[in-house]
Structures are given as C-alpha cells and as structure tokens.
Protein chains: 2
Amino acid sequence: MASVKVTNDVVIEQLLSVFRTVGYDGASMAQLAEATGLQKSSLYHRFPDGKQAMAGAVLDYIDESSKTDVVAVLLNTTLPPAQRLKTVLTAINNLYNGGQLSCVLRALSLGSAAEVFRSQIAGIFTGWITGFTRLALDLGKSQPEASQLAQGVVIGVQGALILAQTLQQPTVFGQTLARIEADFLAQL
Amino acid sequence: MASVKVTNDVVIEQLLSVFRTVGYDGASMAQLAEATGLQKSSLYHRFPDGKQAMAGAVLDYIDESSKTDVVAVLLNTTLPPAQRLKTVLTAINNLYNGGQLSCVLRALSLGSAAEVFRSQIAGIFTGWITGFTRLALDLGKSQPEASQLAQGVVIGVQGALILAQTLQQPTVFGQTLARIEADFLAQL
DNA sequence: TAAACTTTACCGAACATTCGGTAAATATTC
DNA sequence: GAATATTTACCGAATGTTCGGTAAAGTTTA
C-alpha cells in the first residue's frame with residue numbers, strides 16, 4: 001500500500017463531525033476534504049460513489065457503534081437491568097458530549113439525502129426502541145408501558161439535543177437523561 | 001403599481017413549506033421560485049437581501065403565529081387552565097398536520113443559516129417554555145415541576161416529530177401530545 | 001381630462017462563484 | 001516494477017445573485 005495518511009476510521013469520524021454540524025446539503029466537498037486532511041480526489045478514491053457514499057459510511061459507522069454501545073448492552077440479560085440502564089445512559093451522554101454535539105441521524109434526515117437514508121435511520125431508532133423496551137420489561141413494566149418508555153428515550157434524546165443546542169444550554173440534555181432514568185426506575 | 005401576482009403571506013407560506021422539508025442549504029432558489037410561482041428575480045425584488053432574508057421572513061412569520069396561537073393562549077388567565085391546555089395542544093397538532101410536517105425551526109438550525117437564526121429560534125422556544133410554565137403553575141404544579149414540564153413540551157414535540165417522520169408513523173406525534181396533556185393534568 | 005412622469009411588480013438572461021466529480025500524473029509501499 | 005494512495009489541474013453543471021428592460025398602476029401637471 002501507499003502511505004495511508006489517516007486510517008479509514010479517522011476519516012469517517014471527521015466526515016461525521018462535518019455532517020452532524022451542517023447536514024448533508026450544507027457539507028461541501030471542500031469542507032469534507034479540509035476536515036479529513038485529504039484532497040477531494042483522495043476522498044473520491046476512498047469513496048468512489050461520492051458524497052452519498054461518504055454519508056452512507058458515516059451511517060454504517062453509527063449503526064455499528066449504536067449496536068455495540070447501546071443495543072447490545074440493553075439486551076445483555078446477564079447484567080442487572082439497573083446497571084444496564086446506567087451504562088447505556090452514560091454511553092449516550094458521551095456520544096453527544098453532554099449535549100453539545102448534534103445527532104447526525106437528525107442532520108441526515110433533511111434535504112437531498114433524507115429519502116435515501118430514511119430507512120437506515122429508522123432501523124437505528126428501532127434498535128434503540130427494541131433494546132429499551134426489553135430493559136423496561138426486565139424492570140417490571142407492562143408491555144405498553146415499556147413501549148411507551150422506550151419511544152420516550154428516542155424522543156427525549158432527539159428533542160433535548162435540539163433544545164440544548166438552540167438555547168446553548170447543554171445541561172438540558174443531562175437533565176433529560178436523568179428524567180429518563182427516573183422514569184425507568186420508578187415503581188408504580 | 002403593477003398587479004400583485006401572489007400576496008406576501010402566500011409567498012411566505014410557500015417558502016415555509018420548502019424550507020421545512022429540505023432545510024436551508026437544501027432549498028435552491030429554483031425550488032423556491034417554483035414553489036412561489038414567481039421567478040427568481042421577482043423573489044429578489046421582494047427580498048432584496050436574498051435567500052437569508054427569505055428564511056428570516058419565514059421565521060418572523062412563525063414567531064408571530066407562535067405568539068398568537070400558542071403563547072397568548074397559554075398566558076390568557078381568563079380561561080380555565082385545562083381549556084387553555086386543550087386549545088393549545090390542538091393548535092400544535094394542526095401546526096404539524098398531525099405529525100406529518102417537519103418543524104421549520106429545526107430545519108433552519110442546521111447548516112449555513114444555523115448561527116444566523118439561532119437566537120431567534122431560541123426566542124420562540126423560550127416563549128413556549130414561558131407559556132407552558134405559567135400554565136403548569138396555574139394547574140397547581142410547583143415551580144421546578146412547572147419548568148420541567150414546560151421544557152418537556154418543546155423536547156417532546158421536537159423529538160416526536162423526528163421519530164414520527166423517520167418511522168413514517170405519524171401517530172407517534174399524537175401519542176406524545178396525549179402524554180404531555182396527561183402529565184400536565186396529573187395530580188401528585 | 002389627457003398627457004407626462006414616477007413607482008411598483010415582474011421577468012428573461014446573464015453574472016461570478018461554487019458545486020460534485022474526473023483524468024492524468026506523482027509519490028509511496030510492497 | 002506492480003499496485004495503491006495521493007495530488008494537481010480541470011470539467012460541466014448548478015448555485016445564489018444581479019442586470020436591463022417591460023407592463024401596469026398611481027401621481028402630477030397642463
């Protein structure tokens with residue numbers, strides 16, 4: 001091989017950081033090149049199918065880390081439910097750097113890319129909902145309660161990120177995570 | 001004067017419908033022109049400061065209708081709180097056509113326009129929070145409870161819109177509004 | 001009242017710039 | 001030297017924006 005200046009994972013993480021802050025249409029090739037430290041053509045060498053493929057790779061990357069850091073933990077029934085909850089909420093808090101980072105799933109669900117990526121994004125959301133539903137059931141909730149709580153996690157995370165960043169008040173995000181934890185642990 | 005082809009309000013509503021679905025960077029002048037039925041140059045006649053001014057006019061329009069349809073109702077202490085709640089939630093449901101329409105505030109908080117419009121968007125969110133806090137207090141909640149509930153409205157609406165549209169399951173939005181209503185009316 | 005002037009709304013064509021993407025050449029590693 | 005990675009230079013198309021001009025309505029003046 002020739003000199004690989006940056007590993008593929010690093011490139012993807014830089015692409016992620018651009019897409020998440022400016023969205024798909026807002027991200028220009030020049031900006032993506034500058035962020036990765038590569039020239040445009042080098043990006044096209046790694047992603048021959050162009051910009052959409054770059055965003056697709058970012059989504060695959062997110063899909064993967066979502067499965068390992070969130071879903072797998074939630075479904076790991078060898079751990080006590082309360083510990084699973086705490087671990088996952090901490091992971092989520094880190095994912096968004098305490099509410100300071102946008103969610104790339106939201107960023108990619110607008111504009112030219114929206115229809116292309118919608119089903120994949122839906123898959124990631126569904127994974128979370130499945131995992132949190134299982135956790136809620138293990139915490140003694142009824143089926144409808146569990147579904148409602150699980151949906152509330154995705155809704156709360158996405159909504160809180162928007163509010164926290166718009167108000168420039170990251171604590172809103174942490175408060176929301178705390179409320180989610182309390183809801184799951186609440187005894188009827 | 002020459003005859004006006006479309007009133008300013010109609011133009012703004014068409015601009016709104018484009019911006020809300022594709023975002024700021026995703027909206028091309030050609031698309032905005034086609035949606036309004038005017039030529040690009042005619043749009044520049046009405047908005048000499050260009051695309052940003054068009055999005056700004058849309059935001060002003062939203063700001064206004066938010067104040068009259070939501071905030072003013074919430075603060076109208078001549079009406080019983082429960083009725084205010086019901087009226088406003090119905091209005092919100094209509095605003096987003098039962099969860100099928102994106103929120104233009106979210107659409108404009110990404111990309112090139114994000115920093116330009118952030119404070120104005122924050123003002124609209126703050127208006128809602130102020131109004132819902134007042135309502136919660138009138139429903140007998142404590143101050144911290146009221147603030148938390150009010151924040152939860154904005155978070156819930158924004159988050160539910162994202163989830164509903166990604167999953168193509170608009171009912172998610174209605175369910176969230178119902179949960180919000182229940183939370184406000186719940187007796188401790 | 002009618003002609004002359006001004007203002008307003010609109011349009012088609014062009015503007016410079018930036019867009020995503022490509023081809024050919026150079027550099028690096030095995 | 002064969003293969004891969006990266007770069008420089010470039011392309012056509014699309015971007016947001018501006019310009020010159022036209023038609024209609026209002027205003028002024030004779």
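In the text below, chain A, chain B and the rest are named by the order of the sequence lines, each starting its count at 1.
Using a 4.5 Å cut-off on side-chain heavy atoms (C-beta onward), A:K141 and A:L135 make no contact.
What separates CD of A:Q39 from P of D:dC10 is a distance of 15 Å, to the nearest Å. Taking atom CE of residue A:M54 and atom P of nucleotide C:dC19, one finds them 14 Å apart after rounding to whole Å. B:L32 places its CG atom 11 Å from the P atom of D:dT15, with the value rounded to the nearest Å. With rounding to whole Å, A:K51 atom NZ is found 4 Å from C:dG20 atom P. Taking atom CD of residue A:Q52 and atom P of nucleotide C:dG20, one finds them 12 Å apart after rounding to whole Å. To the nearest angstrom, P of D:dC19 lies 12 Å from OH of B:Y44. At whole-Å resolution of the value, CD in B:E34 and P in C:dC11 are 14 Å apart. A:D25 places its CG atom 15 Å from the C1' atom of D:dG16, with the value rounded to the nearest Å.
Other residues, nucleotides and ligands contribute over 12 non-hydrogen atoms within 6.0 Å of the CD atom of A:Q31.
Side-chain atoms of A:Y24 never come within 3.5 Å of backbone atoms of B:G26 as a donor-acceptor pair (strictly under, hydrogens ignored).
Taking 4.0 angstrom as the limit, A:S41 places none of its side-chain polar atoms (N or O) nearer than this to OP1 or OP2 of D:dT6. Put simply, B:R46 has no side-chain N or O that comes within less than 4.0 Å of OP1 or OP2 on C:dT8. Close to C:dA9, at under 4.0 Å from its OP1 or OP2, lies a side-chain N or O of B:H45.
Among the atoms of the strands shown, base atoms are found under 4.0 Å from some heavy atom of B:S42. Here A:A33 lies out of heavy-atom contact (under 4.0 Å) with every strand.
Salt-bridge formation is not detected for the pair B:E64/B:K67: no Lys NZ or Arg NE/NH1/NH2 atom is positioned less than 4.0 Å from an Asp or Glu carboxylate oxygen.
Each of B:A27 and A:K40 lies near DNA chain D, and the nucleotide nearest A:K40 is the one positioned closer to the 5' end.
For the atom pair CD of B:Q168 and CZ of A:R118, the computed distance is 3.0 Å after rounding to the nearest 0.5 Å.
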